[in-house]
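Written below as structure tokens is the structure these notes are about.
In what follows, chains carry the letters A, B, and so on, assigned in the order in which the sequence lines appear, proteins first and then strands, with residues in each chain numbered from 1.
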2 protein chains.
Amino acid sequence: MVSKKCKYAIKALIYLAKNQTRDSAIFSSEIAFEEDIPKKFLETILRDLRNSRILQSQRGKTGGYRLLKQPEHIYLSEVMRLMDGPIALLPCVSLNYYAPCEGCNETLCKLKTVFESVRDETLSVLGNTSIKDLI
Amino acid sequence: MVSKKCKYAIKALIYLAKNQTRDSAIFSSEIAFEEDIPKKFLETILRDLRNSRILQSQRGKTGGYRLLKQPEHIYLSEVMRLMDGPIALLPCVSLNYYAPCEGCNETLCKLKTVFESVRDETLSVLGNTSIKDLI
DNA sequence: TTTAATACCTATAAAAAAGGTAGGAATTGT
DNA sequence: ACAATTCCTACCTTTTTTATAGGTATTAAA
């Protein structure tokens with residue numbers, strides 16, 4: 001399941017994308033109020049998005065957040081990986097968070113090929129859907 | 001991610017399928033030992049599988065477990081739903097565990113259609129892979 | 001230079017879920 | 001009667017999720 005944190009991140013990104021044309025940066029408090037997201041929780045989410053160069057931030061009295069990447073280049077797969085970790089359902093088939101299965105012969109394990117298929121099908125959707133598509 | 005509980009269930013089912021031809025039922029202790037699954041934990045898993053008519057059990061000294069459904073009719077989607085709940089990544093697109101999204105207009109929400117696609121693609125794999133396919 | 005409003009940072013905490021155990025009751029073939 | 005099993009309820013521990021508290025650093029404007 002997609003976590004609340006991840007849903008909040010997507011909502012915030014959509015909000016920022018819709019209000020991109022504004023002159024000033026957008027306060028986290030505004031996003032929190034408009035999208036009904038706990039303020040302090042949202043701050044940690046926006047910081048993560050800034051750290052991975054999806055947003056840029058400005059400090060001080062007239063500070064706030066802006067998109068750094070354009071909405072059409074922010075894919076759901078990227079946001080979900082950032083917030084929730086792997087897309088894959090097994091660590092041993094994860095592209096970005098690979099970890100070996102304990103006590104399972106990967107060359108013989110037939111589960112592996114099944115969950116590689118699931119991963120590929122899932123990524124073909126999430127890797128082709130951007131924030132722009134959600135507006 | 002698939003939980004350990006679910007992996008244990010799949011392993012146990014594969015073990016039972018491989019040893020189907022035996023005269024006697026198979027002890028949970030044997031499965032636990034052979035597949036390296038905590039014994040007491042496995043008992044609760046086998047009970048769930050029996051309650052949903054995938055296994056049948058026999059009590060007493062010569063008791064044990066047997067498959068009730070044939071391996072080719074036990075699909076991963078069924079086992080995963082039983083162990084981990086919904087396949088879908090959002091409650092509002094779950095076929096078997098539907099729950100409305102709070103504070104999200106479902107008719108307008110574009111996330112919904114995206115995650116319906118993910119669900120359908122995932123089910124097309126998991127709903128067509130049986131325990132027999134994993135042996 | 002003060003002030004006020006913001007982003008930023010670290011630590012903490014409450015709630016839920018995952019993973020597993022304990023102890024014994026009920027059942028059944030020998 | 002006995003031994004070995006399934007079955008059942010309750011509990012426990014650790015990890016993850018979902019936040020909150022309290023303050024520091026930064027910046028524009030008064």
Side-chain angles (χ1 to χ4, degrees), chain A residues 1-12 16 22-33 35-52 54-66 68 80 82-86 89-91 97 99 102-103, chain B residues 1-12 16 22-33 35-66 68 80 82-86 89 91 97 99 102-103:
Chain A
M1 282 276 164
V2 174
S3 70
K4 281 197 173 188
K5 186 181 181 188
C6 188
K7 285 194 214 170
Y8 290 159
I10 295 168
K11 275 189 166 188
L16 285 164
R22 249 189 250 179
D23 288 340
S24 56
I26 293 169
F27 303 147
S28 66
S29 56
E30 177 185 333
I31 304 172
F33 178 79
E35 296 297 331
D36 198 28
I37 303 172
K39 188 171 173 307
K40 281 289 195 177
F41 195 20
L42 178 61
E43 282 185 25
T44 70
I45 293 167
L46 294 175
R47 187 164 62 116
D48 290 344
L49 292 170
R50 189 215 49 176
N51 286 341
S52 49
I54 293 172
L55 302 182
Q56 65 182 137
S57 64
Q58 190 182 333
R59 301 175 72 163
K61 192 170 183 181
T62 57
Y65 295 89
R66 278 191 178 85
L68 188 55
M80 287 174 66
L82 195 62
M83 295 295 138
D84 289 349
L89 295 181
L90 291 179
Y97 299 81
E102 37 187 88
Chain B
M1 281 276 164
V2 174
S3 70
K4 282 198 174 187
K5 187 181 181 186
C6 188
K7 284 193 212 169
Y8 291 158
I10 294 168
K11 275 189 165 186
L16 285 164
R22 247 189 252 180
D23 287 339
S24 56
I26 293 169
F27 302 148
S28 65
S29 56
E30 177 185 336
I31 305 173
F33 177 79
E35 296 297 330
D36 197 29
I37 303 172
K39 187 170 175 306
K40 281 289 195 178
F41 196 20
L42 179 61
E43 282 184 26
T44 69
I45 292 167
L46 295 174
R47 188 165 58 118
D48 289 343
L49 291 169
R50 187 215 48 174
N51 285 341
S52 49
R53 314 270 182 237
I54 293 172
L55 302 181
Q56 66 184 134
S57 64
Q58 190 182 334
R59 304 175 72 164
K61 191 171 184 180
T62 58
Y65 295 88
R66 277 192 177 86
L68 189 55
M80 288 176 66
L82 196 61
M83 296 294 139
D84 290 350
L89 296 180
Y97 298 83
E102 36 187 85

Measure the [atom1]-[atom2] distance between [X] and [Y] for me, rounded to the nearest 0.5 Å.
{"X": "I26(B)", "Y": "S24(B)", "atom1": "CD1", "atom2": "OG", "result": "7.0 Å"}
{"X": "E30(B)", "Y": "L42(B)", "atom1": "CD", "atom2": "CG", "result": "11.0 Å"}
{"X": "D23(B)", "Y": "T62(B)", "atom1": "CG", "atom2": "OG1", "result": "12.0 Å"}
{"X": "S28(A)", "Y": "L55(A)", "atom1": "OG", "atom2": "CG", "result": "11.5 Å"}

5' priority, DNA chain D, between G64(B) and C6(A) [closest heavy atom] = G64(B)
In whole angstrom, give the distance that lies between atom OH of Y65(A) and atom P of dT27(D).
->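 My rounded result for the distance is 14 Å.
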Considering only heavy atoms of chain B and a distance under 4.0 Å, specify the first and last nucleotide of DNA chain C in 5' to 3' order that meet this criterion.
->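 First-to-last contact on DNA chain C, by the 4.0 Å heavy-atom rule, is dG19(C) to dG29(C).
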Residues in side chain to side chain contact (heavy atoms under 4.5 Å, CB included) with K11(B), at least two apart?
->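 Testing K11(B) for side chain to side chain contact (heavy atoms under 4.5 Å, CB included), a comparison that skips the adjacent residues, returns E35(B), I37(B).
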Beyond-backbone contact of R47(A) with S57(A), side-chain heavy atoms, under 4.5 angstrom = no
Non-hydrogen side-chain atoms of L49(B) and M83(B) separated by less than 4.5 Å |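 L49(B) reaches M83(B) side chain to side chain.
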For DNA chain D, which residues in residues 54-63 of chain B have a heavy atom at a distance below 4.0 Å?
-> S57(B), Q58(B), R59(B), G60(B), K61(B)
Hey, can you pull the residues of residues 35-50 of chain A with a non-hydrogen atom under 4.0 angstrom from DNA chain D?
->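 Heavy-atom cutoff 4.0 Å gives P38(A), K40(A), F41(A).
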When L68(B), L82(B), L16(B) are each screened for side-chain contact (heavy atoms from CB on, under 4.5 Å) with I54(B), the one that passes is L82(B)
Looking at K4(A), K5(A), R50(A), which hits side-chain contact (heavy atoms from CB on, under 4.5 Å) with I45(A)?
-> K5(A)
Under the ring-ring contact (aromatic ring centres under 6.0 Å, His included) test, which residues partner F33(B), sequence neighbours left out?
->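 With neighbours one apart ignored, the set is empty.
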Exceeds 12 heavy-atom contacts within 6.0 angstrom, atom CG of D36(B) | no
Indicate whether OP1 or OP2 belonging to dA19(D) is found under 4.0 Å from a side-chain N or O atom of Y8(A).
->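 Yes, because at least one side-chain N or O of Y8(A) sits under 4.0 Å from OP1 or OP2 of dA19(D).
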Does K4(A) have a side-chain nitrogen or oxygen under 4.0 Å from the phosphate oxygens OP1 or OP2 of dA19(D)?
->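 Answer yes for this pair, as a side-chain N or O of K4(A) is under 4.0 Å from OP1 or OP2.
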Atom of G63(A), atom of F27(A) and distance for their closest heavy-atom approach = O-CE2, 3.3 Å
Looking at E43(B) and K39(B), does any basic side-chain N land under 4.0 Å from a carboxylate oxygen?
-> yes
Looking at five pairs on each end of the helix from dT1(C)-dA30(D) to dT30(C)-dA1(D), what is the angle between the two axes, given to 10 degrees?
-> 0°
